[in-house]
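Below: one structure, written as structure tokens.
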There are 2 protein chains.
Amino acid sequence: MEAETDVDVCAKWSETLRVYHNTSCELENELQSRHDLGRSEFEVLLILSRECGAAAGGKAKMKDIEAEMYLSQSALSRTVTRLEKAGLVTRAACDFDRRANFLMLTPAGLERFEAAKPTHRAVLVKHLVDTTASQPAAACSR
Amino acid sequence: MEAETDVDVCAKWSETLRVYHNTSCELENELQSRHDLGRSEFEVLLILSRECGAAAGGKAKMKDIEAEMYLSQSALSRTVTRLEKAGLVTRAACDFDRRANFLMLTPAGLERFEAAKPTHRAVLVKHLVDTTASQPAAACSR
DNA sequence: TGACATCCAATGCGCGTGCATGTAAGGTTC
DNA sequence: GAACCTTACATGCACGCGCATTGGATGTCA
């Protein structure tokens, strides 16, 4: 079953690439143009909004967020810096472990996130519910 | 079926991200460390080796390659430049349309590709045959 | 207390990417 | 053949990423 596995695996990878590429490109484009948010930035907001419940003004440690994302420590650090500059998030030192940082959603951050959520959902539904919907190997935005 | 679709779609995306991330990171690492090839570079060689049959010394137009990859025109151009510098590929002008470039696999390129192929296959099999194999959200190389 | 390993986050650096643009070569129309 | 649009590829540029390193805070052990 060597050759057979070969073909299956290549086709499966190809399919994964297609879905990943189409979805993530459109996610990036839509989030960026409609809400001025990158994919990573949105994801951080998403995690924050879950972490303590949006009402509580989500709050989480950098390390915990990092563990939930496919992002290096340095990339997360910079993503948070961008979010902070945009006023969507606040860094707060942890009193019990001054190495660690807490991250908090600001009201503006929560608002931005809530606004972007439907966009996010719509793109996912479009590309993932009926996988054949985005069949062509559509490039990023061209 | 709103909420249900929501959950399904998020889980599916999450799963896709996991598989994509784990597979592509390991692909990148393995190809780079064992064969000094990036993922895009390998893919170009792969396409070339198919295009006219490896024995014929694969040959294809840039545009045709671009159409088969999830890569922008500029990124492909630079990837080919890297391959050319490494002596794995040759650019050749097309006599009938001097805008177009043909791309040819050199013997060294074919050799490198054949050497890397098993590595590529092994990674795909590892991550895609039994999807639960790489369950943890393993980061890139950490 | 002092020496050393470990952990968290920030930063310098290089790389590959996409977008926008530039350049050269068709193709079309008059 | 002149004016114009389109196509193929290369290149300037900015950006986000990962890796390696740094610096400060903790923990541990003698």
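Computation of the quantities below employed the complete heavy-atom set of this structure, encompassing side-chain atoms and omitting hydrogens, waters and symmetry-equivalent molecules. In the text below, chain A, chain B and the rest are named by the order of the sequence lines, each starting its count at 1.
Nucleotide dA10(C) holds its P atom 13 Å from the CG atom of L71(A), rounded to whole Å. Nucleotide dC15(D) holds its P atom 16 Å from the CZ atom of R78(B), rounded to whole Å. L76(B) has its CG atom 13 Å from the C1' atom of dG16(C), to the nearest Å. Distance, E66(B) CD to dT7(D) C1': 12 Å, rounded to whole Å. Counting to the nearest Å, the C1' atom of dA8(D) and the CG atom of L103(B) are 14 Å from each other. In this entry the distance linking CD of Q73(B) with P of dG12(D) reads 14 Å, nearest Å. The distance between atom CG of N101(B) and atom C1' of dT23(C), rounded to the nearest whole Å, is 14 Å. At whole-Å resolution of the value, NE2 in H21(B) and P in dC17(D) are 11 Å apart.
Exactly one residue among E26(A), H35(A), E30(A) makes a side-chain hydrogen bond (donor to acceptor under 3.5 Å, both in side chains) with T119(A). That residue is H35(A). When each of L31(A), L27(A), L128(A), N29(A) is paired with V123(A), the side-chain contact (heavy atoms from CB on, under 4.5 Å) condition holds for L27(A) and for no other.
Residue N29(A) places no side-chain N or O under 4.0 Å from the OP1 or OP2 atom of dG18(C). Applying the 4.0 Å criterion to OP1 and OP2 of dA20(C), one finds that S74(B) has every side-chain N and O outside that range. The shortest distance between the side-chain N/O atoms of R98(B) and the OP1/OP2 oxygens of dG26(C) is below 4.0 Å.
Of the two residues contacting DNA chain D, namely F96(A) and T79(A), the nearest-nucleotide position lying further toward the 5' end is that of T79(A).
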Between protein and nucleic acid, restricted to nucleotides 1-6 of chain D and to nitrogen or oxygen atoms under 3.5 Å apart, what atom pairs and distances do you find?
none

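Looking at heavy atoms from C-beta onward, L71(A) lies out of side-chain contact with E66(A) at the 4.5 angstrom threshold. Taking 4.5 Å as the limit, every side-chain heavy atom of N101(A) sits out of range of all side-chain heavy atoms of V80(A).
Taken residue by residue, residues 81-93 of chain B places heavy atoms nearer than 4.0 Å to DNA chain D at R91(B).
Evaluation of the side-chain contact (heavy atoms from CB on, under 4.5 Å) rule for D64(B) yields K61(B) as partners, not counting sequence neighbours.
Ring pair Y70(B)/H21(A) is tilted by interplanar angle, where 30° to 60° counts as tilted.
Across dT17(C), dC8(C), dC9(D), the shortest atom-to-atom separation from the side chain of M62(B) is found for dC9(D).
Counting only N and O atoms by type, the side chains of T79(A) and R82(A) include a donor and acceptor under 3.5 Å apart.
Here the closest non-hydrogen pair linking D36(B) and R112(B) is O-NH1, 3.5 Å.
In summary, E68(A) and R50(A) engage in a salt bridge, as defined by a charged side-chain N under 4.0 Å from a carboxylate O.
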